[in-house]
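Following: one structure in structure tokens, then a few remarks.
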Amino acid sequence: MQKNGFKHFVKNNIVVIFLIALCFGFGIGTSKVFKTGNIADLFSTSTFFSMNNIVNLTTQMAINAVLSAGLTYVIILGGIDISVGSVAALAGVVSMLIAQRLPNVNTFCAVLILLGSTFLVGIICGSFNGLMITKFNVVPMIATLAMQTIARGLCFIFSGGKSVFGVENVYGFLGGGRLVKTEAKPTGWIPIITIVVIITIFIVHTLLSKTVFGRHVYATGSNRSVAHLSGINTKRVIFACHIICSVMAALAGVLNASKLQNGQPAACDGYEMYAIAATVLGGTSLSGGRGSVGRAMFGVAIIAVINNGMNLMHINSYWQKVVIGSIILLAVILDMAQNKKKD
């Protein structure tokens, strides 16, 4: 019984165990443990476990965390959204274009302008995806591929093919501001972007796991026909999930633009692959009906730790793509194996 209990624990927490193993692996690899031979030197000499790096790691995770949280809703439905990177770039460009035309505002107004841009772009793009899928029965891959191309084209049209810069510093508060300033860290220890992401993740996680709407999402993803016969308006659920996904993508793009204080038409290119990988790594099934925003964050952390650790160990960036690609493939294989066992 104890043996079976241990196997069950490992099976259910394999992602967490893998994340912990990665952290200690990179911690040892960036420390002086091998030189001193003393394991006690791990935390004191490791670059990976330094406070600066841990804080930076949270900011590196931020954009992918927001994208993955939104994608979780769509993937639980059994769909996919490959437009999130382009929607993020479009929101970043639009927010900075508006910021250019509204200088001399205070921090509160700047935040409202950035959040307004988020909902404007997110709702429009999400409504397009939802309408194509629910009204015209377009396959989600094709509908979001169209949105991906349209959004990226609009980025270059609106920006004239150039980065949108020259905004007031106040617009950098949301993505680049920090709190808790000390003599050791005059710029501040706690990134505003990390706080924003934590609050956002908490809201979308609660919406999915603790509300009637969340139960309808799982029911629709598990079996759409049965959900419909149970009285659930499945088309409305699908439409709403695509709006949530696009709003989250737009928020990621606005945070990225605020952090850089410019809107780049080529921003977030390929980010959808990292977000899909993180979501599937976190246990969200590509066949639908299973997953959670909270567990997707472990997938986000794994990808961030791999990129961060490999950078600290000066491993070629091309190898990072190979590793991430291999992890995506492994996650899909494991997901397919779990579904076969259930069948």
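These numbers were taken from a predicted model, which means no experiment stands behind them.
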Could you tell me the separation between the [atom1] atom of [X] and the [atom2] atom of [Y], rounded to the nearest 0.5 Å?
X    : Y    : atom1 : atom2 : value
L208 : T72  : CG    : OG1   : 7.5 Å
F239 : M132 : CZ    : CE    : 10.0 Å
L255 : T118 : CG    : OG1   : 7.0 Å
H216 : R236 : NE2   : CZ    : 10.5 Å
L71  : I76  : CG    : CD1   : 11.0 Å
T279 : I75  : OG1   : CD1   : 4.5 Å

side-chain hydrogen bond (donor to acceptor under 3.5 Å, both in side chains) partners of [range], not counting sequence neighbours, each pair once:
range            : answer
residues 104-114 : none
residues 295-310 : N53-N308, Q60-N308
residues 187-203 : T58-T194, T182-W189
residues 314-329 : N311-Q320

Count the heavy atoms belonging to other residues, nucleotides or ligands that lie under 6.0 Å from [atom1] of [X], then report whether that count exceeds 12.
X    : atom1 : value
N169 : CG    : no
K162 : NZ    : no
R224 : CZ    : no
F49  : CZ    : yes
F213 : CZ    : yes

[Y] reachable from [X] in the ILVMFWY side-chain graph, under 4.5 Å edges:
X    : Y    : value
Y171 : L97  : yes
L131 : V84  : yes
I54  : I190 : no
L120 : I123 : no
V197 : L260 : no

Considering only heavy atoms from C-beta outward, does the side chain of [X] approach that of [Y] to under 4.5 Å?
X    : Y    : result
I276 : D81  : no
H228 : V226 : no
V164 : Q100 : yes
C268 : N256 : yes
P191 : I195 : no
L251 : V247 : no

Return the set of residues passing side chain to side chain contact (heavy atoms under 4.5 Å, CB included) with [X] (not counting sequence neighbours), or none when no residue passes.
X    : result
L229 : none
S86  : Q148, A151, R152
V204 : A69, Y73, M248, V293
I28  : F34, L42

Apart from F165 itself, residues in the same hydrophobic cluster as defined by side-chain heavy atoms under 4.5 Å: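 Joined to F165, directly or through intermediates: none.
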Can you list the other members of the hydrophobic cluster that holds V74, where links are side-chain heavy atoms under 4.5 angstrom apart? none
Those residues that, when tested against T30, pass side-chain hydrogen bond (donor to acceptor under 3.5 Å, both in side chains) (two or more places apart):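 Counting only residues at least two positions away or on another chain, T30 forms a side-chain hydrogen bond (donor to acceptor under 3.5 Å, both in side chains) with S46.
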Non-hydrogen atoms of [X] and [Y] that approach each other most closely:
X    : Y    : answer
Y271 : N64  : O-OD1, 4.4 Å
I302 : L281 : CG2-CD1, 4.2 Å
M96  : A257 : CG-CB, 4.0 Å
V93  : S159 : CG1-CB, 4.0 Å
L67  : A249 : CD2-CA, 3.6 Å
I324 : Y274 : CG2-CE2, 3.8 Å

Donor-acceptor contact below 3.5 Å, side chain [X] vs main chain [Y]:
X    : Y    : result
Y218 : S209 : no
S95  : V254 : no
T59  : N56  : yes
T284 : V280 : no

Go through the steps for V167 and N262 under the test side chain to side chain contact (heavy atoms under 4.5 Å, CB included), then give the verdict. CA-CA 7 Å; V167 301; N262 66 73; over 6 Å; no
Go through it in stages, so that I can follow the logic: the residues are R178 and K185, the test is side chain to side chain contact (heavy atoms under 4.5 Å, CB included), and I'd like the CA-CA distance, side-chain angles, deciding distance and then a yes or no. CA-CA 10 Å; R178 294 200 174 200; K185 192 78 170 177; 3.7 Å; yes
Go through it in stages, so that I can follow the logic: the residues are F128 and I150, the test is side chain to side chain contact (heavy atoms under 4.5 Å, CB included), and I'd like the CA-CA distance, side-chain angles, deciding distance and then a yes or no. CA-CA 11 Å; F128 174 88; I150 292 168; 4.0 Å; yes
Report the C-alpha distance between F173 and S258 in whole Å, list the side-chain angles of each, state the deciding distance to 0.1 Å, and finish with yes or no for side chain to side chain contact (heavy atoms under 4.5 Å, CB included). CA-CA 7 Å; F173 173 79; S258 175; 5.9 Å; no
Assess the side chains of S50 and N52: does a donor N or O sit below 3.5 Å from an acceptor N or O? no
When the side chains of residues 135-147 are checked against the rest of the protein, which donor-acceptor pairs come out under 3.5 Å, sequence neighbours left out?
unit_1	atom_1	unit_2	atom_2	d
T144	OG1	I82	N	3.4
T144	OG1	P140	O	2.7
T144	OG1	M141	O	3.3

